[in-house]
Amino acid sequence: MSDEAGHIAERKMQFLFALRSRGVTDARVLAAMERIDRGPFVRGIFAGRAYEDMPLPIACGQTISQPSVVGLMTQALAVTPRDKVLEVGTGSGYQAAILSQLARRVYTVDRHRALVREASALFAALDLANIIALTADGSFGLPEQAPFDRIIVTAAAEDPPGPLLAQLKIGGIMVLPVGQSDAVQRLIRVTRSETGYDYDELRPVRFVPLVEGLGRDG
Ligand code: SAH
């Protein structure tokens, strides 16, 4: 192995170790995060920091989430191989790529067309054929593909958006950050039962806000 290849291999091992030490213990989630290289999802001057457990800036003033938070949210979502999943907030596409390894089909939407375009190109280059990325205001969900087995929101709303609750199947699970955009938010899990919705609180997090309408480029 060349020095450079050895260095990358070591950084990837440290990356997986950091995930485990922060509570990502689900074997399927860890395997998915081992298969999907975070490198290509981080561009420009921050590319060299792709294997650090840090959120990093991406285009359109947005951020790619911290890997351990991606792992913990994916774990809380308890995705099964038959699931149809909706992600609100495509961003770099990294979270959707992880989900593509665990689910039957992943729909991911972002309000910024430029992000959707870049993420789609990456999905094609990586042969992730079960992801469909669309430009849309995800606070309304994706009515034409609803209902969903699982919904994950990677931008913070003050409360779970009503259309997303309505587009969750009975028995379905949604994971999302809620709270004021500049304060610390709470990551919650919503499970839909025959009779209503059960909520449990997972941990404090910090996400960019869920913003209504399409981006100026959208
Ligand atoms: N999941 C991403 C990180 C998302 S950052 C990743 O893995 O890289 C949050 C994203 O949510 C941003 O790209 C932002 O444009 C998007 N967003 C914010 N409000 C939205 C809305 N109403 N509908 C769709 N996307 C939204």
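Ligands are counted one by one from 1 in listed order, and the atoms in each one are counted from 1 as well. The residues of the chain are indexed from 1 along the displayed sequence.
The minimum heavy-atom distance linking Pro160 with Leu176 is given by the pair CA-CD1, 3.7 Å. Asp149 approaches Arg82 most closely through the heavy-atom pair OD2-O, 4.2 Å.
The protein atom (non-hydrogen) at minimum distance from atom 16 (C) of ligand 1 is Asp110 OD2, 3.3 Å. Looking only at heavy atoms of the protein, atom 11 (O) of ligand 1 is closest to Gly89 CA, 3.3 Å. Nearest non-hydrogen protein atom to atom 5 (S) of ligand 1 is Thr63 O, 3.1 Å. Regarding atom 19 (N) of ligand 1, its nearest protein heavy-atom neighbour is Val211 N, 2.9 Å.
When the heavy-atom distances from atom 24 (C) of ligand 1 to Gln62, Glu87, Arg111, Met73 are ranked, the shortest goes to Arg111. For the residues Ser139, Gly61, Gly138, the heavy atom positioned nearest atom 23 (N) of ligand 1 is part of Gly138.
Taking the charged nitrogens against the carboxylate oxygens, Lys12 and Asp37 do have a contact shorter than 4.0 Å, which makes a salt bridge. The residues Arg43 and Glu118 are annotated as salt-bridged, a charged nitrogen and a carboxylate oxygen being separated by less than 4.0 angstrom.
Below 30°, between 30° and 60°, or above 60°: for Tyr107 and Phe148 the angle between ring planes is above 60°, a perpendicular geometry.
At a heavy-atom distance under 4.0 Å, atoms from both the backbone and the side chain of Gln95 approach ligand 1. Contacts between Val70 and ligand 1, counted as non-hydrogen atom pairs separated by less than 4.0 Å, are absent for every part of the residue. Heavy atoms of Val208 found under 4.0 angstrom from ligand 1 belong exclusively to the side chain. Within the 4.0 Å heavy-atom criterion, the part of Ala136 lying near ligand 1 is the backbone and not the side chain. For Pro209, every heavy-atom contact with ligand 1 shorter than 4.0 Å involves the backbone, none the side chain. With a 4.0 Å cut-off on non-hydrogen atoms, Ala155 touches ligand 1 through its side chain and not its backbone.
Those atoms of ligand 1 that come under 4.0 Å of a heavy atom in Ser92, given as number and element, are 6 (C), 7 (O), 8 (O). Annotation for ligand 1: atoms under 4.0 Å from non-hydrogen atoms of Asp137 are 21 (C), 22 (N), 23 (N). Listed by atom number, the atoms of ligand 1 under 4.0 Å from Leu115 heavy atoms are 13 (O).
Below 3.5 Å of separation, one finds no N or O of Ile64 facing any N or O of ligand 1. Inclusion of Thr154 in the set of residues having an N or O under 3.5 Å from an N or O of ligand 1 is warranted.
The side-chain hydrogen bond (donor to acceptor under 3.5 Å, both in side chains) contacts involving residues 57-80 comprise Asp53-Gln66, Asp53-Ser68, Gln66-Ser68, Thr74-Gln95, Thr80-Asp83, where partners must be two or more places apart or lie in separate chains.
Side-chain atoms of Arg35 and Gln101 form a donor-acceptor pair, as typed in the model, at a separation below 3.5 Å.
Leu164 and Leu77 fall into different hydrophobic clusters, defined by Ile, Leu, Val, Met, Phe, Trp and Tyr side-chain heavy atoms under 4.5 Å apart, directly or through other members.
For Thr90, the heavy-atom gap to ligand 1 drops under 4.0 angstrom.
The hydrophobic cluster analysis finds Ile170 isolated: no Ile, Leu, Val, Met, Phe, Trp or Tyr side chain comes under 4.5 Å of it, directly or through other members.
Without hydrogens or angle criteria, Asp110 side chain to Thr135 main chain gives no donor-acceptor distance under 3.5 Å.
Atom CZ of Phe17 is surrounded by 12 or fewer heavy atoms from other residues, nucleotides or ligands within 6.0 Å.
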